[in-house]
Amino acid sequence: MKKIVLMAMMFIAAMSASAQDNEVNTTVSADVVSSYIWRGLDCGSAAIQPTLGIDYKGLSLTAWGSYGLVDTNDAKELDLTLAYATGGFNIGITDYWFNTPEERYFLYDAHKTSHIFEANVGYDFGAASIQWFTNFAGNDGLNKDGKRAYSSYVELNVPFKLATCDWTATAGAVPYATDYYGVNGFAVTNLALKATKDIKITDSFSIPVFGQIAANPASQKAYFVFGFTIQ
């Protein structure tokens with residue numbers, strides 16, 4: 001797994017060498033959310049979630065984190081994603097890291113690491129997009145036989161506009177048993193509806209705010225999340 005970190009470092013170096021190219025884009029932003037809900041799972045209370053990314057001709061490297069603002073017991077998270085997109089097609093690898101069960105970041109021992117490595121592939125058709133995600137290494141969950149589950153998740157997103165807001169309807173499911181998502185077989189774990197609207201602060205500055213209603217039919221839980229983006 002150290003090779004993935006090395007690839008990311010090489011990518012950063014390549015981007016630096018091309019820094020004067022007008023096609024190099026950088027993203028710096030942060031979401032502040034009332035609770036951290038991910039794929040229908042409750043991952044913590046109010047949090048700040050920063051993003052730092054760089055993109056060059058469809059190839060991108062993004063760092064994303066989550067840090068609790070209220071509960072000190074919430075896990076700290078740092079994710080690195082290396083991805084490529086062309087047309088509607090996209091593919092990527094994400095290294096998820098949490099400060100539990102092991103606080104050391106550079107520990108990649110298969111039976112001790114807090115890293116989870118996930119591959120994804122998807123296609124954006126315009127009217128809708130679909131993504132498939134599978135954990136292939138690291139601290140993955142187990143299936144009903146106690147073996148590595150190669151935990152997977154598939155998600156369909158449909159964007160649309162209504163009144164003055166941008167909306168997204170989401171349906172997500174886990175295809176087979178894994179304790180990573182807390183399911184014993186195929187299960188719909190995420191049904192969500194999200195609305196985003198820019199709130200104008202000055203003539204040249206606005207803040208995107210969003211509200212999301214999410215439900216997890218498998219766990220019989222539902223959530224409402226409010227947040228805003230600083231960028």
Side-chain angles (χ1 to χ4, degrees), residues 1-12 14 36-44 49 51-55 58-66 75-124 129-157 170-190 216 218-219:
M1 294 308 107
K2 292 181 181 179
K3 292 181 179 179
I4 295 176
V5 176
L6 180 59
M7 288 172 59
M9 294 175 66
M10 293 174 62
F11 178 76
I12 293 172
Y36 178 11
I37 306 300
W38 177 75
R39 299 179 183 176
L41 303 178
D42 185 350
C43 297
Q49 299 175 333
T51 298
L52 175 61
I54 190 168
D55 178 281
L59 186 64
S60 63
L61 177 64
T62 304
W64 184 93
S66 185
K76 295 180 176 63
E77 180 176 351
L78 172 59
D79 307 335
L80 297 175
T81 299
L82 183 64
Y84 179 71
T86 178
F89 175 79
N90 69 86
I91 191 168
I93 295 175
T94 298
D95 170 7
Y96 297 93
W97 176 81
F98 305 87
N99 65 327
T100 58
E102 172 56 57
E103 291 189 351
R104 288 177 290 173
Y105 183 87
F106 294 102
L107 178 65
Y108 296 96
D109 186 296
H111 302 290
K112 295 180 181 179
T113 186
S114 291
H115 290 266
I116 302 166
F117 297 90
E118 177 189 79
N120 72 280
V121 61
Y123 198 89
D124 187 343
S129 64
I130 189 167
Q131 291 282 336
W132 181 284
F133 306 86
T134 295
N135 294 346
F136 64 88
N139 188 26
D140 187 20
L142 304 176
N143 60 23
K144 290 185 287 187
D145 296 324
K147 299 179 180 180
R148 176 184 291 277
Y150 294 97
S151 306
S152 297
Y153 173 81
V154 60
E155 184 174 277
L156 176 69
N157 286 286
T170 299
V174 177
Y176 40 78
T178 169
D179 60 9
Y180 183 78
Y181 289 104
V183 300
N184 294 318
F186 176 85
V188 176
T189 60
N190 187 21
N216 185 331
S219 65

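Quantities reported herein were computed from a predicted structural model and do not represent experimental measurements.
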K.L.:
Please name the pair of heavy atoms, one in Trp38 and one in Cys43, separated by the smallest distance, quoted to 0.1 Å.
P.N.:
CB-SG, 3.8 Å

K.L.:
To the nearest 0.5 Å, what is the distance between OH (Tyr180) and CZ (Arg39)?
P.N.:
6.5 Å

K.L.:
I need the minimum non-hydrogen distance between Pro175 and Ser152, along with the two atoms involved.
P.N.:
CD-O, 3.2 Å

K.L.:
Hey, what do you get for CD1 (Ile130) to CG (Asp124), rounding to the nearest 0.5 Å?
P.N.:
11.5 Å

K.L.:
Hey, does the side chain of Asp140 reach the backbone of Tyr150 with a donor-acceptor pair shorter than 3.5 angstrom?
P.N.:
yes

K.L.:
Ignoring hydrogens and angles, tell me if any N or O in the side chain of Asp42 forms a donor-acceptor pair with the backbone of Gly44 under 3.5 Å.
P.N.:
yes

K.L.:
Find the distance between OH (Tyr36) and CG (Leu41) and round it off to the nearest 0.5 Å.
P.N.:
9.5 Å

K.L.:
Any idea how Phe98 and Tyr96 line up, ring-wise: parallel (<30°), tilted (30 to 60°), or perpendicular (>60°)?
P.N.:
parallel

K.L.:
How many angstroms lie between atom CG of Asn139 and atom NE2 of His111, to the nearest 0.5 angstrom?
P.N.:
11.0 Å

K.L.:
For the residue pair Trp97 and His115, does the interplanar ring angle fall in the parallel (under 30°), tilted (30 to 60°) or perpendicular (over 60°) class?
P.N.:
tilted

K.L.:
Answer yes or no: is there a side-chain heavy-atom contact under 4.5 Å between Thr94 and Trp64?
P.N.:
no

K.L.:
Give the table of side-chain donor-acceptor pairs shorter than 3.5 Å for residues 182-190, with sequence neighbours excluded, one pair per line with atom names and distance.
P.N.:
from, atom 1, to, atom 2, distance (Å)
Asn190, ND2, Tyr153, OH, 3.1

K.L.:
Using side-chain heavy atoms (C-beta onward) and a distance below 4.5 Å, is Ser129 in contact with Asn90?
P.N.:
no

K.L.:
Identify the residue among Val121, Asn120, Val154, Val174 that makes a side-chain contact (heavy atoms from CB on, under 4.5 Å) with Phe133.
P.N.:
Asn120

K.L.:
Going from OG1 on Thr170 to CD on Gln131, what distance comes out if it is rounded to the nearest 0.5 angstrom?
P.N.:
11.5 Å

K.L.:
If a pair satisfies salt bridge (Lys or Arg N to Asp or Glu O under 4.0 Å) and one of its residues is in residues 102-117, list it, with sequence neighbours excluded.
P.N.:
Glu102-Arg104

K.L.:
Using modelled atom types and a 3.5 Å cut-off, is there a donor and acceptor pairing between side-chain atoms of Asn143 and backbone atoms of Asp145?
P.N.:
yes

K.L.:
Judged by atom type as modelled, is there a donor-acceptor pair below 3.5 Å linking the side chain of Thr113 to the main-chain atoms of Leu107?
P.N.:
yes

K.L.:
Without swapping roles, check the side chain of Asp179 against the backbone of Leu142 for a donor-acceptor pair under 3.5 Å.
P.N.:
yes

K.L.:
Please find the pair of heavy atoms, one from Asp55 and one from Ser60, that lie closest to each other, and give the distance.
P.N.:
OD2-CB, 3.6 Å

